[in-house]
Amino acid sequence: MKIIMLGAPGAGKGTQAKQIAEQYNIPHISTGDIFRENIKNGTPLGAKAKEYMDQGLLVPDELVCDLVVDRIEKDDCSKGFILDGFPRTIPQADALDTALKEKNKQIDYALDIEVPDENIVNRMAGRRSCKECGAIFHLQYNPPKEENKCDVCQGELVLRDDDKAETVKKRLDVYHEQTAPLISHYEKAGVLHEIDGTVDITVVFEEIKKILGA
Ligand code: ADP
Ligand code: AMP
């Protein structure tokens with residue numbers, strides 16, 4: 001099962017992708033998580049990516065495509081994978097299609113989680129992410145059991161640098177300009193599924209399971 005998640009920043013891609021990965025036993029590959037891990041470890045890739053991320057811009061395609069193509073060729077992806085945050089541009093989608101086509105494969109499901117822009121700022125302002133394991137919470141909609149502590153690993157919960165209101169606005173503009181065109185790309189490929197992302201997290205997941213076959 002080869003799945004990609006589409007949707008604006010804050011639509012709930014990561015929240016759902018983690019649950020899908022667990023339910024269907026496939027790896028969850030988040031390019032945002034990979035960049036944040038590199039930033040944490042002080043790698044050259046992390047330093048480069050941070051310049052763009054802090055401004056709400058996309059990291060250039062050439063820094064992202066090979067990384068993902070190499071990752072999905074690993075053994076643990078043989079039964080499928082879920083890509084979260086990739087592709088984000090048409091050239092990225094083309095690179096993915098080409099890499100899969102070489103192996104006679106293709107994306108099976110593009111799950112587009114739809115949330116209007118006016119809900120996004122609130123989603124991002126309340127998002128808290130675990131510094132250690134990347135688990136995602138929301139102060140209102142998915143609060144941790146203990147204030148500022150990750151339910152999974154007890155790590156510290158933080159507001160991401162790029163979730164500040166002024167950066168969120170830029171990220172939304174970038175989404176509409178560069179990423180939203182992917183919706184019609186996957187519609188043409190016949191694999192697009194649109195999902196209402198404004199309802200409760202558990203309801204969104206139920207909808208996704210109906211699509212994927214529970
Ligand atoms: P994305 O990966 O698309 O950027 P996240 O999964 O990190 O989005 O979700 C953004 C924020 O919104 C998080 O704080 C998350 O807990 C919260 N969230 C996710 N899905 C929902 C939902 N259906 N309703 C309310 N809040 C949600
Ligand atoms: P995310 O965790 O998916 O919200 O990603 C955080 C940031 O990482 C984005 O705003 C981009 O700057 C960068 N990023 C993540 N995935 C990609 C991608 N596929 N292409 C370009 N930039 C990306």
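Whatever order the structure lists them in is the order used to number ligands and atoms, beginning at 1.
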Could you tell me which atoms of ligand 2, counted from 1 in the order shown, lie closer than 4.0 angstrom to a heavy atom of M53?
7 (C), 8 (O), 12 (O), 13 (C)
What about F86: any of its N or O atoms under 3.5 Å from an N or O on ligand 2?
no
Tell me whether D108 contacts the main-chain N or O of K2 through its side chain, where contact means a donor paired with an acceptor under 3.5 Å.
yes
Mind checking whether G14 has an N or O less than 3.5 Å away from an N or O of ligand 1?
yes
Give the atoms of ligand 1, by number and element, whose distance to some non-hydrogen atom of I136 is under 4.0 Å.
6 (O), 7 (O), 13 (C), 15 (C), 16 (O)
Run down the list L139, T15, I120 and name the one with the heavy atom closest to atom 19 (C) of ligand 1.
T15
G7 near ligand 1 by a heavy-atom separation under 4.0 Å:
no
Nitrogen or oxygen atoms of S30 and ligand 2 under 3.5 Å apart
no
Please could you name the atoms of ligand 2 that L57 approaches to less than 4.0 Å, counting only its heavy atoms?
11 (C), 12 (O)
Give the atoms of ligand 2, by number and element, whose distance to some non-hydrogen atom of R160 is under 4.0 Å.
1 (P), 2 (O), 4 (O), 6 (C)
With nothing but distance in play, are any N or O atoms of D162 less than 3.5 Å from an N or O of ligand 2?
no
Nearest-option assignment for atom 10 (O) of ligand 2, heavy atoms, candidates R171, Q178, E51:
R171
Give yes if a backbone or side-chain nitrogen or oxygen of V64 is under 3.5 Å from a nitrogen or oxygen of ligand 2, and no if not.
no
Does some non-hydrogen atom of T198 fall short of 4.0 Å from ligand 1?
no
G197 heavy atoms, cut-off 4.0 Å: which ligand 1 atoms fall inside?
23 (N)
Based purely on interatomic distance, does R88 place a nitrogen or oxygen under 3.5 Å from a nitrogen or oxygen of ligand 2?
yes
Within less than 4.0 angstrom of ligand 2, does K13 place any heavy atom?
no
Does at least one non-hydrogen atom of A8 fall below 4.0 angstrom from an atom of ligand 1?
yes
Below 4.0 angstrom from a heavy atom of R36, which ligand 2 atoms are there? Numbered from 1 as shown, please.
2 (O), 6 (C)
Any N or O of Q92 closer than 3.5 Å to N or O of ligand 2:
yes
Do other residues, nucleotides or ligands put more than 12 heavy atoms under 6.0 Å from K40 NZ?
yes
G85-ligand 2 polar pair, N/O distance under 3.5 Å
yes
Would you mind running through ligand 1 and noting each atom that sits below 4.0 Å from a heavy atom of D200?
23 (N)
